[in-house]
Amino acid sequence: MEGLQNALNDRGLTVTILPEKGRSLFTTRNFHPGEEIISQEPYVCVPNNSTVESRCDRCFASINLKKCSACKVSWYCSSTCQKSEWKLHRLECDALARLDKDRHKSVTPSIRLIIKLFIRRKLQSEKVIPTTATDNYKLVEALIDHMSGIDEKQLVLYAQMGTLVNLILQWPEMNVKEIARHFSKLACNAHTICDSELRPLGTGLYPVISIINHSCLPNAVLVFEGRSAVVRAVQHIPAGAEVSISYIETAGSTMTRQKALKENYLFTCTCSQCVKDQEDEIKESAILEGYRCKNDQCDGFLLRNSDDTGFTCQQCGLVRNKEEIQNIASQIKSISDEASTSMFHQNCGEALFMYEKLEELQKILCHPYSISLMQTREKLLKISMELENWTKALLYCKLTISVYQKLYSGIHPLLGLQFYTCGKLEWLLGYTEDAVKSYTKAFDILRITHGTNSSFMKDLLLKLEEARAEASYKHSSMEDE
């Protein structure tokens, strides 16, 4: 790993072994908010192709696609992308082309990712593809696999997937146990590749980025420019500090976050956001995942009574009957199932009606900062935009922003993107001055998380400048009158 350490030294970084965390990335100089800490191309990656939508294997574009005529699995948007992937895809193509049609259905993105990983290892060992200090199989081998912590059911699944990979590659030196270990490695270390608006496009393995540990209150953020992973500081990081990113959605109680981390990454987080006294933890859960006070003017949170007959507001003392809460919760569950069914069948009009009913019930039962209420409003925002009901979409966008500001304190890309959506809707509806304010807030956040050189950020800046010019023109026209 000496080559990696030298490469990181040039970037103002170093790898340190911590007893409780293993390999960790530390700074050797100061990093400022918005500054790029590190970037990396994927060792291997695959698009999340489905029956509904396919993407280019190289750049993840979704237009002008042509399917590989031999394997009928890969798609490419241009001859340039196809040629750049050919050394790797040639072997994969030969292997996939041998499969019958029924087996093709079993070739999931995870299967392809493992196949590509072993092919890239083979090509690098044969010097067909060059290696560098930050691009070599040794970095993959050094990643944690957590095989000892996996339950029997998951081990059986990995073994079945390993058997399929073995069947596809047909390499005598391969064995199912080794392949299963690599599936476990990917489960703990692969990243979801997203576009600038955080919509998932594919999955990639970034061995150097994977050294960075998790925090529920991180000092850096991981975003993607194309398929390149870029880590930027979201606050001042002094020399000698550990770089951290979030592995999960951080909007949730400590208990919810810990559960997600334990199930997906097999560790318990001990960051400052998670290590809090029991009283604060109970209050957090009650606000984010609990019930509201019966008094509409009170924003207190409720805790279960000692005799288990109801829930008492910790601010004003009003009690909500347990039976009443169970009745409303039962209605919420029923309507939520119906709404999900409508969404599955892409019946947007019916889904909008059902989610509006759901929101009304959640407003009666849930605390104003409830995660489930926020998620319902996010769905209502999305459906309203699909139906081009811009006024309703703006209403729900503003309702989610107030919760985002509480849940995502400081600099967070989701908050920036919600302000961006708000700005687009306000401008579309003619609220130009409001749009300027929203676009400005979006830009102030996203220039730190996304940088300023991407096409998305250039487009945002252009929208902001156009909105400012329009607002200025409207203001001057009013003065002339």
Side-chain angles (χ1 to χ4, degrees), residues 1 3-5 8 15-25 38 40-46 107-125 131 133-169 171 173-193 202-215 222 229 231 242-248 258-270:
M1 293 296 167
L4 173 63
Q5 196 70 270
L8 292 176
V15 175
T16 300
I17 308 295
L18 297 179
E20 68 281 12
K21 294 182 178 180
R23 294 188 307 161
S24 309
L25 193 67
I38 191 170
Q40 187 181 21
E41 289 292 311
Y43 188 77
V44 285
C45 67
V46 289
V107 182
T108 62
S110 296
I111 297 290
R112 286 197 66 202
L113 202 63
I114 284 290
I115 290 171
K116 285 189 170 192
L117 189 151
F118 286 123
I119 289 174
R120 189 170 180 84
R121 180 181 72 173
K122 176 182 174 67
L123 294 176
Q124 284 190 328
S125 67
T131 60
T134 57
D135 178 17
N136 62 78
Y137 178 75
K138 288 181 180 179
L139 298 175
V140 177
E141 189 60 36
L143 296 174
I144 294 174
D145 57 43
H146 288 302
M147 282 292 279
S148 60
I150 296 172
D151 61 37
E152 187 176 347
K153 185 179 178 181
Q154 192 65 44
L155 284 172
V156 170
L157 178 60
Y158 285 159
Q160 291 171 341
M161 294 165 74
T163 301
L164 178 57
V165 171
N166 218 359
L167 176 69
I168 293 170
L169 287 177
W171 292 352
E173 67 274 19
M174 298 286 292
N175 65 77
V176 172
K177 186 176 181 180
E178 180 190 14
I179 301 170
R181 185 170 62 85
H182 279 77
F183 273 116
S184 178
K185 207 179 282 278
L186 287 178
C188 300
N189 295 282
H191 289 91
T192 300
I193 300 170
T203 306
L205 184 63
Y206 302 82
V208 180
I209 301 291
S210 292
I211 295 171
I212 302 173
N213 287 317
H214 165 84
S215 171
L222 170 63
V231 177
E242 183 183 3
V243 178
S244 61
I245 59 174
S246 177
Y247 293 180
I248 59 167
Q258 293 285 18
K259 184 174 182 288
L261 290 167
K262 196 69 176 176
E263 288 178 353
N264 295 296
Y265 299 98
L266 304 176
F267 72 86
T268 300
C269 183
T270 57

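As the structure is a prediction and not an experimental result, all values here were calculated from the model.
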Locate the shortest heavy-atom distance separating [X] from [Y]; write the atom from each residue and the value.
{"X": "Val46", "Y": "Arg112", "result": "CG1-CB, 3.8 Å"}
{"X": "Arg23", "Y": "Ile17", "result": "CG-CD1, 3.4 Å"}
{"X": "Leu261", "Y": "Cys269", "result": "CD1-CB, 3.6 Å"}
{"X": "Leu139", "Y": "Pro207", "result": "CB-CB, 3.6 Å"}
{"X": "Leu143", "Y": "Ser210", "result": "CD2-CB, 3.7 Å"}
{"X": "His146", "Y": "Ser184", "result": "C-OG, 4.1 Å"}

Side-chain contact, heavy-atom cut-off 4.5 Å: [X] with [Y]?
{"X": "Ile111", "Y": "Ile168", "value": "yes"}
{"X": "Leu113", "Y": "Lys116", "value": "no"}
{"X": "Ile144", "Y": "Cys188", "value": "no"}
{"X": "His214", "Y": "Ser244", "value": "no"}
{"X": "Ile119", "Y": "Trp171", "value": "yes"}

Nearest 0.5 Å, what's the [atom1]-[atom2] distance between [X] and [Y]?
{"X": "Met174", "Y": "Leu167", "atom1": "CE", "atom2": "CG", "result": "12.5 Å"}
{"X": "Thr134", "Y": "Ile38", "atom1": "OG1", "atom2": "CD1", "result": "7.5 Å"}
{"X": "Asn136", "Y": "Leu4", "atom1": "CG", "atom2": "CG", "result": "8.0 Å"}
{"X": "Tyr158", "Y": "Met147", "atom1": "OH", "atom2": "CE", "result": "8.5 Å"}
{"X": "Ile114", "Y": "Glu178", "atom1": "CD1", "atom2": "CD", "result": "9.5 Å"}
{"X": "Leu18", "Y": "Glu242", "atom1": "CG", "atom2": "CD", "result": "5.5 Å"}

key: Candidate list Thr163, Val165, Leu117, Leu164, test side chain to side chain contact (heavy atoms under 4.5 Å, CB included), partner Ile179, passing option   = Val165
key: Candidate pair Ile212 and Tyr206, rule side-chain contact (heavy atoms from CB on, under 4.5 Å), full reasoning   = CA-CA 11 Å; Ile212 302 173; Tyr206 302 82; over 6 Å; no
task = Using the six-membered ring wherever Trp is involved, compare the ring planes of Tyr137 and His182 and label them parallel, tilted or perpendicular (cut-offs 30° and 60°).
result = parallel
query = Do the ring planes of Tyr247 and Phe267 sit parallel (below 30°), tilted (30 to 60°) or perpendicular (above 60°)?
reply = perpendicular
query = Salt-bridged, Glu41 to Arg120, with N to O below 4.0 Å?
reply = no
inquiry  = Checking Val44 against Ile115 for the side-chain contact (heavy atoms from CB on, under 4.5 Å) test, could you report, in this order, the C-alpha distance in whole Å, the side-chain angles of both residues, the deciding distance, and whether it holds?
reply    = CA-CA 10 Å; Val44 285; Ile115 290 171; over 6 Å; no
query = Donor-acceptor pair, Gln5 side chain versus Val15 backbone, under 3.5 Å?
reply = yes
query = Between the side chain of Asn189 and the main-chain N/O of Leu205, is any donor-acceptor distance below 3.5 Å?
reply = no
inquiry  = Does Glu20 have more than 12 heavy atoms from other residues, nucleotides or ligands lying within 6.0 Å of its CD?
reply    = yes
request  = Apply side-chain contact (heavy atoms from CB on, under 4.5 Å) to the pair Val208 and Leu8, showing each step before the final yes or no.
outcome  = CA-CA 10 Å; Val208 180; Leu8 292 176; 4.3 Å; yes
